[in-house]
Protein chains: 2
Amino acid sequence: MAYKRSASLKVVNCEAGKPAWLDRIHKGHCVSQMAALPENSVDVIFADPPYNLQLGGDLHRPDQSKVDAVDDHWDQFESFQAYDAFTRAWLLAARRVLKPNGTIWVIGSYHNIFRVGAMMQDLGFWMLNDVVWRKTNPMPNFRGRRFQNAHETMIWASRDANAKGYTFNYDAMKSANDDVQMRSDWLFPICSGGERLKDAEGRKTHPTQKPEALLARVLLSSTKPGDVVLDPFFGTGTTGAVAKRLGRHYVGIEREDVYIEAAEARIAAVEALDPTVLKVSAGKRAEPRIPFASLLEAGLVQPGTELTDAKRRWTARVRADGTIAIGEDAASIHRIGAKVQGLDACNGWTFWHIDSKKGLTPIDTLRQTMRDQMAVAAV
Amino acid sequence: MAYKRSASLKVVNCEAGKPAWLDRIHKGHCVSQMAALPENSVDVIFADPPYNLQLGGDLHRPDQSKVDAVDDHWDQFESFQAYDAFTRAWLLAARRVLKPNGTIWVIGSYHNIFRVGAMMQDLGFWMLNDVVWRKTNPMPNFRGRRFQNAHETMIWASRDANAKGYTFNYDAMKSANDDVQMRSDWLFPICSGGERLKDAEGRKTHPTQKPEALLARVLLSSTKPGDVVLDPFFGTGTTGAVAKRLGRHYVGIEREDVYIEAAEARIAAVEALDPTVLKVSAGKRAEPRIPFASLLEAGLVQPGTELTDAKRRWTARVRADGTIAIGEDAASIHRIGAKVQGLDACNGWTFWHIDSKKGLTPIDTLRQTMRDQMAVAAV
DNA sequence: CACACGCCTGAATCGCCCC
DNA sequence: CGGGGCGATTCAGGCGTGT
């Protein structure tokens with residue numbers, strides 16, 4: 001029998017008509033626990049499934065310290081096939097409990113998100129957006145063999161292809177984003193500091209705790225106060241804590257007792273905000289970093305151009321890859337600037353100039369030009 | 001018969017030994033045209049496949065398999081299957097022409113990239129990064145029902161799981177990015193203005209022309225000058241134009257005459273950059289190896305010299321055979337450095353110092369002196 | 001008490017060459 | 001082809017300690 005949303009459910013403080021499965025953590029496997037919930041009963045699902053990382057040996061930092069990798073048993077799968085079967089099972093169970101106008105968020109990395117996304121499409125979910133979480137402080141690539149893996153991907157999808165009535169708080173998102181549409185790339189720090197749950201010995205309670213700011217934007221964009229939010233991989237309960245704070249109901253599913261206990265204590269300490277103050281604020285972003293290579297890519301500087309310092313003591317030649325060279329000696333604008341002066345450091349942006357009929361122009365001027373162009377383009 | 005790379009292929013201006021299929025556009029379907037190329041012949045593939053799911057009748061339709069779940073939507077399943085079959089076919093053909101150490105880039109949006117990525121994993125490609133192209137000036141979401149779709153996703157993968165020798169110009173990327181690692185999120189404007197190809201009536205020639213800046217970073221990061229770059233969905237030839245400008249060879253495949261003509265005219269107008277500005281910035285990895293014993297042979301270090309670490313916690317004595325010893329314990333500068341610290345590994349060049357009136361000097365500076373002497377001697 | 005300095009850490013599919 | 005040695009490789013930020 002399907003659970004019908006009652007009016008009382010919308011009122012957070014009315015406990016009388018509230019189902020027993022609401023605002024609590026269900027211990028067990030996500031598939032069986034979701035199967036025990038009434039169908040068509042959940043407004044939004046946020047899922048942070050295992051990423052199926054396939055790590056080789058140990059990885060050490062340049063200072064020889066060992067990287068604390070995610071090697072937990074729950075992230076181990078025998079094959080892509082096994083992972084696909086698991087993904088299919090929990091997505092089907094999730095789809096059953098979702099209301100017809102419900103939506104689902106799934107977060108992942110390049111290890112798993114493509115398989116999850118394809119499976120979602122196969123099962124009939126309809127993609128609304130893929131949203132990129134850009135990390136302000138990602139872990140570096142220690143061996144210098146790849147780009148720094150600086151983001152994770154979230155898929156936001158509706159239950160059905162032609163769903164029209166799903167919740168998207170367009171105006172709230174726009175207002176929160178300096179009155180321009182909220183984009184599909186979000187910038188947040190990773191979860192650390194006081195927000196990160198730790199045990200008595202100071203070790204992190206959960207290896208992949210997500211930042212509350214990320215969950216807050218998810219819930220503020222796609223739920224209304226009083227909505228029911230389900231997280232089938234609850235972990236230490238970030239989804240529940242944010243949902244409670246924002247006046248939404250939560251349903252958590254988790255297998256590990258350690259995580260459940262930590263989540264319950266955490267959520268109990270959360271105070272729900274007064275509905276009238278549930279507004280998002282967004283600070284001014286810092287000036288975007290412009291790689292010197294971008295000036296070449298934008299055509300503001302040509303490969304082969306000669307750069308010189310303000311007193312024309314040294315000249316260097318711009319190379320196509322964004323380095324500059326004096327003779328065979330090539331490096332960044334900063335390194336070469338430091339080297340010719342015999343210093344440890346140098347701001348290449350202000351040190352190097354381009355010679356033209358109008359005299360010497362610091363390349364920093366070109367950087368500002370580029371920023372202006374980007375700002376105009378963004379409007 | 002596999003095509004073997006000849007020495008002449010590496011020299012851009014030497015046309016004599018160049019295969020007939022290089023630096024030109026092949027008209028036809030990507031699968032059949034790739035099948036006509038020699039295997040193991042391409043260093044990098046950049047692919048911008050179509051993502052509309054309503055493909056023409058030229059697609060091979062696989063045998064219909066039984067749908068076993070009530071939740072599967074047959075109509076979607078059918079079109080997704082057709083798209084998957086097409087994706088599988090061109091990825092297999094691409095994999096055949098790729099060299100063992102080759103890499104592939106595929107760009108797409110949330111409509112298709114998840115299916116493509118999952119298929120790539122199924123076929124044995126190994127993901128190195130997913131890279132997000134953040135658009136400075138994306139199209140707005142006119143209906144206000146979703147987030148502004150402000151990015152596209154690129155997958156960068158090696159041909160095989162354990163490929164170690166693929167090209168990644170780490171130092172060039174880092175130098176070009178203010179001396180910090182290049183991240184997996186790149187910011188570029190969409191292709192517009194003078195760069196955008198248009199016909200006589202001012203209509204854009206191709207609906208999805210990619211910006212040259214994007215291709216430039218792709219090629220500068222993952223290819224060397226003289227490498228062969230294949231684009232099986234050539235369109236108006238952005239890949240070819242950038243490859244030619246950067247001194248790389250290109251191979252284009254395209255079905256439509258209109259695009260081929262536009263691309264040929266476009267590439268003909270491109271001037272290749274001077275090879276001296278195309279040199280790839282290399283870090284210490286490319287420096288010639290200097291055995292520690294060479295410093296003794298050159299007289300830069302005397303047997304019996306005492307070495308110490310930066311904090312003078314340990315001292316070791318240099319022996320005539322190039323080992324260093326603490327008491328009876330003798331081994332390489334690296335092994336002894338690791339041993340005293342209780343670590344598995346240690347870079348002895350930066351760990352050990354020589355004490356003099358001017359203070360502690362790392363032996364790495366002596367190595368650099370030696371390299372400089374060798375460079376002078378070589379001229 | 002303010003500031004400088006150094007240590008620690010985060011979802012990681014993280015060598016290359018020679019014998 | 002496997003094993004072993006050389007020696008290259010990190011960004012942002014929180015937090016504790018010392019001056």
Pairs under 3.5 Å (Watson-Crick or G-U), crossing ones as [ ], inter-strand ones as |: DNA chain D comes out as .|||||....|||||||||
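We find that CG of A:Leu59 is positioned 13 Å from C1' of C:dT9, with the value rounded to whole Å. The nearest whole Å value for the distance from the CG atom in A:Leu53 to the P atom in C:dG10 is 14 Å. Remark: P of C:dA12 and NE2 of A:His151 are 14 Å apart, rounded to the nearest angstrom. Atom pair A:Lys66:NZ and C:dG10:P shows a separation of 12 Å (rounding to whole Å applied). Summarising the geometry, the separation between CD1 on A:Ile190 and P on C:dC8 is reported as 17 Å, rounded to the nearest angstrom. When the P atom of D:dC6 is taken as reference, atom CG of B:Leu343 falls 16 Å away, rounded to whole Å. At whole-Å resolution of the value, CG in B:Leu128 and P in C:dA12 are 17 Å apart. Rounded to a whole Å, the CG atom of B:Asn162 is 13 Å from the P atom of D:dC1.
The environment of NZ in A:Lys204 is crowded: more than 12 heavy-atom neighbours from other residues, nucleotides or ligands sit within 6.0 Å.
Aromatic rings of A:His206 and A:Tyr259 (six-membered ring for Trp) have centroids within the 6.0 Å cut-off, being under it. For B:Trp156 and B:Phe168, the ring centers sit closer than 6.0 Å to each other.
Counting non-hydrogen atoms under 4.0 angstrom, A:Ser109 reaches nothing in the nucleic acid. Using a 4.0 Å heavy-atom distance criterion, A:Pro211 is classed as making no nucleic acid contact. Nucleic acid contact for A:Gly57: base, since at least one base atom lies under 4.0 Å from a heavy atom of the residue. Among the protein residues, B:Gln121 comes within range of the nucleic acid bases, having at least one heavy atom under 4.0 Å from a base atom.
Closest to the A:Asp68 side chain, of the nucleotides C:dG10, C:dA12, C:dA11, is C:dG10.
Under 4.0 angstrom from either OP1 or OP2 of C:dG15 there lies at least one side-chain N or O belonging to B:Lys164. Distances shorter than 4.0 Å separate none of the side-chain N or O atoms of A:Lys135 from OP1 or OP2 on C:dG10.
Ion pair A:Glu152/A:Arg134 not flagged as a salt bridge, since none of the NZ, NE, NH1 or NH2 atoms sits closer than 4.0 Å to an Asp/Glu carboxylate oxygen. At a threshold of 4.0 Å, the pair B:Asp185-B:Arg183 counts as salt-bridged, since one of the basic side-chain nitrogens sits closer than that to a carboxylate oxygen.
The cationic atom of A:Arg145 (NZ for Lys, CZ for Arg) lies less than 6.0 Å from the six-membered ring centre of B:Tyr166 and within 45° of the ring axis. Judged by the 6.0 Å distance and 45° axis criteria, B:Arg95 is positioned over the aromatic ring of B:Phe125.
Checked by distance alone, A:Lys210 brings a side-chain donor or acceptor within 3.5 Å of a matching partner on the base of C:dA11. In this model, a side-chain donor or acceptor of A:Asp48 finds a partner on the base of C:dA11 within 3.5 Å.
The heavy-atom pair separating B:Arg319 from B:Pro303 by the smallest distance is C-CB, 4.5 Å. Nearest heavy atoms, B:Ser281 versus A:Ala330: OG-O, 3.9 Å.
A search for side chain to side chain donor-acceptor pair (under 3.5 Å) contacts involving B:His353 returns nothing, not counting sequence neighbours. For A:Asn129, there are no side chain to side chain donor-acceptor pair (under 3.5 Å) partners, not counting sequence neighbours.
Residue pairs meeting the salt bridge (Lys or Arg N to Asp or Glu O under 4.0 Å) criterion with at least one partner in residues 164-181 of chain B, sequence neighbours excluded, are A:Arg289-B:Asp178.
None of B:Asp43, B:Leu98, B:Val44, B:Ile45 except one satisfies the side-chain contact (heavy atoms from CB on, under 4.5 Å) rule with B:Thr103; the exception is B:Val44.
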Between the protein and nucleotides 2-4 of chain D, which nitrogen or oxygen pairs come in under 3.5 angstrom?
none

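Taking atom C1' on both D:dC1 and C:dC16, the two are 15 Å apart, rounded to the nearest angstrom. One P atom belongs to C:dA12, the other to D:dA8, and the distance between them is 26 Å to the nearest Å. Taking atom C1' on both nucleotides, C:dC8 is separated from D:dT10 by 13 Å, rounded to a whole Å.
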With B for base contact, S for sugar-phosphate-only contact and - for none (protein heavy atoms under 4.0 Å), nucleotides 7-15 of chain D reads BBBBBSSSS
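Residue A:Ser65 is the one, among A:Arg145 and A:Ser65, whose nearest nucleotide of DNA chain C lies closer to the 5' end (criterion: closest heavy atom).
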